[in-house]
Participant: 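Could you have a look at this structure, given as C-alpha cells, before my questions?
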Amino acid sequence: MDHTTRISRRALCGGMAAAGLLAGFTPGLPLSRAVAQSYPQRNFRVIIPTGQGGGAERLARAFDDAWSKLLNQQFEYTFHPGAAGQIGYELFVKQREADGYNLLFGNMGPEMIMYAVQKPDYRFPEDFVYFSRTDIDDSCIFVRTDSPYKDLKSVVEAAKKNPVNVAVSRIPHPASIGMLALGEATGSTYNLIPYGGGNPTYVAVMNGEADIGALPITGVLSLSSQFRVLGVFNRENIFADITGNAPTVNAAFGTSIPDLYSSRAWAVHAAWADANPEDFALLERTSQEAHASEAFRDAFVKTGAPVESLKYGNRQVCTEYAMAMLDLAKRYEPVLSAQR
C-alpha cells in the first residue's frame, strides 16, 4: 500500500512537471499555492509610454524586483515616447493582445490630461484599467543651484516683465497646468517648452537653456546637488525638510490652484480583467504585496528618490484619480490648447 502510494506521488509529480505545472514553483512558497497557480506561466511584456532611462523606468524596475519574485516571472520592457504618451497607449490598446501578459506602466496624471486634450480614439476605462498605484509625486518649480532666481516671488516678478522660459516634460502635464494657472492668477507669463521626458528637461535647466523647470518633485530631489526647489503645487510640502522649507505656490501668492501631482500605476486590458477575475485578482494582490515589501523600498532608495512618495492605491483609487484628472484637464483645456 505504501509502495503504491509512493509510486503514485512520483507519477503525479512527474505528470505535473511534464505538463509544466511545476514550472511556476517558487522556493519558499507553499506547494499547494505553486501548483494551483496556473497563471502566469510566462514573462510579462510592459509598455512604458515615455523614454528609456526616465523616472518611470527606474520606478518600474525597482517595483518588479519584488513583484517578479511573487509571480515567478520576469518583466520585459519596451519604451514608446511621443505625442505626450498617446503613441504608447495606442500601441498597448490596439496592438498588444489582451491576454494578461501585456501590461502598461503609465503616469496617470499627465496621460489622463493627454487623453482629455488630444482625444485619441481608445476609451478609458472601457479599454484598459489602472489597478495598482505606486506613488504620489507632487509637481514643483525648480532652478539650478546657481540660478539668479532665489524664490518664487522673484520668478513671478520677472515673468510680469518678460516671459520666462519653463522646461517641462510635456504640455499635457499637471506641472504644466500649474505654471499656466500661476500665470493666470498673478498676471505673469511663461513659455512652456516640452522636452519629451524628465531627463532632457533636467538637462535644459542645468545648461541654462531654460530659466526654470516644472516637474514632479522626486526626480528633482534625486538630483539635489544640481537643483533647488522653489515651490510645490500642493497644499503641503511634505519634503520641506529637504527643500529648504520651500513654500507651496498657494501660500506664496494666496492662490487656490488645486493639488497637482503625478501618480504612476500598472494597467491591463479591461477585457482580460473582466473575463479572468481570479487571475486579475492575483495581479492585484501580489502587486499590493510587492508595494509593501522591503525589497521594493530598498530598490527604490537606490534610485535616489525619497520613499515618502510611495503610496499604494488599488483599482478604485486609481480610477477615481484618473477621472479627477480628466475633470481638471477639461477645466484647463482652453489654456492648454492655446499654449500648444
Participant: Please table the atom pairs, donor to acceptor, closer than 3.5 Å between any side-chain atom in residues 215-227 and protein atoms at least two apart or in another chain.
Facilitator:
unit_1	atom_1	unit_2	atom_2	d
Thr218	OG1	Asp137	OD1	3.2
Thr218	OG1	Asp137	OD2	2.6
Ser222	OG	Gly219	O	2.6

Participant: Mind telling me whether Phe75 and Tyr77 have parallel, tilted or perpendicular rings, with 30° and 60° as the class edges?
Facilitator: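 It falls in the parallel class, under 30°.
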
Participant: Does Pro172 offer a backbone N or O that forms a donor-acceptor pair with the side chain of Ser176 under 3.5 Å?
Facilitator: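 It does not hold such a pair.
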
Participant: Are more than 12 heavy atoms from other residues, nucleotides or ligands located less than 6.0 Å from atom CD of Gln316?
Facilitator: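 At most 12 heavy atoms, drawn from other residues, nucleotides or ligands, come within 6.0 Å of this atom.
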
Participant: If Ile, Leu, Val, Met, Phe, Trp and Tyr residues are connected whenever their side-chain heavy atoms lie under 4.5 Å apart, and connections chain through other members, are Val93 and Leu91 in the same group?
Facilitator: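 Val93 and Leu91: one cluster.
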
Participant: Would you name the heavy atoms of Tyr195 and Ile193 that are closest together and state the gap between them?
Facilitator: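 That closest heavy-atom pairing would be CD1-O, 3.2 Å.
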
Participant: Excluding sequence neighbours, so at least two apart, what forms side chain to side chain contact (heavy atoms under 4.5 Å, CB included) with Arg58?
Facilitator: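 Listed in chain order: Asn199, Thr303.
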
Participant: Side-chain contact, heavy-atom cut-off 4.5 Å: Ser147 with Arg228?
Facilitator: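 Yes; the side chains approach each other to less than 4.5 Å.
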
Participant: For a side chain to side chain donor-acceptor pair (under 3.5 Å) check, start with the C-alpha distance between Asp135 and Ser263, then their side-chain angles and the critical distance, and finish with the verdict.
Facilitator: CA-CA 5 Å; Asp135 66 316; Ser263 216; 5.1 Å; no

Participant: Evaluate the criterion side-chain contact (heavy atoms from CB on, under 4.5 Å) for residue pair Leu192 and Leu180; output intermediate values, then yes/no.
Facilitator: CA-CA 9 Å; Leu192 302 187; Leu180 296 173; 3.8 Å; yes

Participant: Rounded to the nearest 0.5 Å, what's the gap from CD1 on Ile136 to CZ on Arg264? Could you check?
Facilitator: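 Answer rounded to 0.5 Å: 12.0 Å.
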
Participant: Is there a side-chain contact between Arg331 and Pro258 (heavy atoms, below 4.5 Å)?
Facilitator: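 A side-chain contact under 4.5 Å exists here.
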
Participant: Report the residue from Gln86, His173, Arg170 that forms a side-chain hydrogen bond (donor to acceptor under 3.5 Å, both in side chains) with Glu111.
Facilitator: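 Among Gln86, His173, Arg170, the one that satisfies the side-chain hydrogen bond (donor to acceptor under 3.5 Å, both in side chains) with Glu111 is Arg170.
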
Participant: Determine, using the 4.5 Å side-chain heavy-atom cutoff (strictly less than), whether Ile212 and Val232 are members of one ILVMFWY cluster.
Facilitator: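 Result: no, two separate clusters.
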
Participant: Please tabulate, for side-chain N and O atoms in residues 159-169, each donor-acceptor pair with protein atoms closer than 3.5 Å (sequence neighbours left out).
Facilitator:
unit_1	atom_1	unit_2	atom_2	d
Asn165	OD1	Asn191	ND2	3.3

Participant: For Phe105, enumerate each residue passing the ring-ring contact (aromatic ring centres under 6.0 Å, His included) test, keeping only those at least two apart in sequence or located in another chain.
Facilitator: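 Per chain and number, Phe105 pairs via ring-ring contact (aromatic ring centres under 6.0 Å, His included) with Trp266.
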
Participant: Work out which heavy atom in Asn250 is nearest to a heavy atom in Ser256; give both atom names and the distance.
Facilitator: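 Asn250 and Ser256 have their closest heavy atoms at OD1-N, 3.5 Å.
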
Participant: Compare every heavy atom of Thr248 with every heavy atom of Leu152, then report the nearest pair and how far apart it is.
Facilitator: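 Closest approach of Leu152 to Thr248, heavy atoms only: CD1-O, 4.4 Å.
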
Participant: Determine, stepwise, if the pair Tyr115 / Tyr122 fulfils ring-ring contact (aromatic ring centres under 6.0 Å, His included).
Facilitator: CA-CA 9 Å; Tyr115 178 75; Tyr122 58 78; 5.6 Å; yes

Participant: At their closest point, which heavy atom of Leu260 faces which heavy atom of Ile257, and how far apart are they?
Facilitator: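 Answer, listing the atom of Leu260 first, then Ile257: CD1-CG2, 3.8 Å.
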
Participant: Apply the test side-chain contact (heavy atoms from CB on, under 4.5 Å) to residues Met108 and Tyr130: give CA-CA distance (whole Å), side-chain angles for both, the deciding distance (0.1 Å), then the verdict.
Facilitator: CA-CA 8 Å; Met108 293 187 290; Tyr130 298 111; 3.6 Å; yes

Participant: At their closest point, which heavy atom of Pro120 faces which heavy atom of Glu90, and how far apart are they?
Facilitator: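 The pair with the smallest heavy-atom distance is CB-OE2, 3.7 Å.
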
Participant: Checking ring pair (Phe, Tyr, Trp, His ring centres under 6.0 Å) against His269, which of Phe92, Phe128, Tyr89, Phe131 comes through?
Facilitator: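 Answer after filtering Phe92, Phe128, Tyr89, Phe131: Phe92.
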
Participant: Quick one: do Asp64 and Lys69 satisfy salt bridge (Lys or Arg N to Asp or Glu O under 4.0 Å)? Show the steps, please.
Facilitator: CA-CA 8 Å; Asp64 84 37; Lys69 293 181 177 64; over 6 Å; no

Participant: Would you mind writing out the side-chain donor-acceptor pairs for residues 273-283 within the sub-3.5 Å range, not counting sequence neighbours?
Facilitator:
unit_1	atom_1	unit_2	atom_2	d
Asn276	ND2	Trp272	O	3.0

Participant: Quick one: list whatever passes side chain to side chain contact (heavy atoms under 4.5 Å, CB included) with Ile87, sequence neighbours left out.
Facilitator: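 Once residues adjacent in sequence are excluded, the partners of Ile87 under the side chain to side chain contact (heavy atoms under 4.5 Å, CB included) criterion are His80, Ala83.
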
Participant: Do we see a donor-acceptor contact under 3.5 Å between the side chains of Glu76 and Asn43?
Facilitator: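 Short answer, yes.
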
Participant: Would you call Arg61 and Glu57 a salt bridge, taking side-chain N to carboxylate O under 4.0 Å as the test?
Facilitator: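 Salt bridge present between Arg61 and Glu57.
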
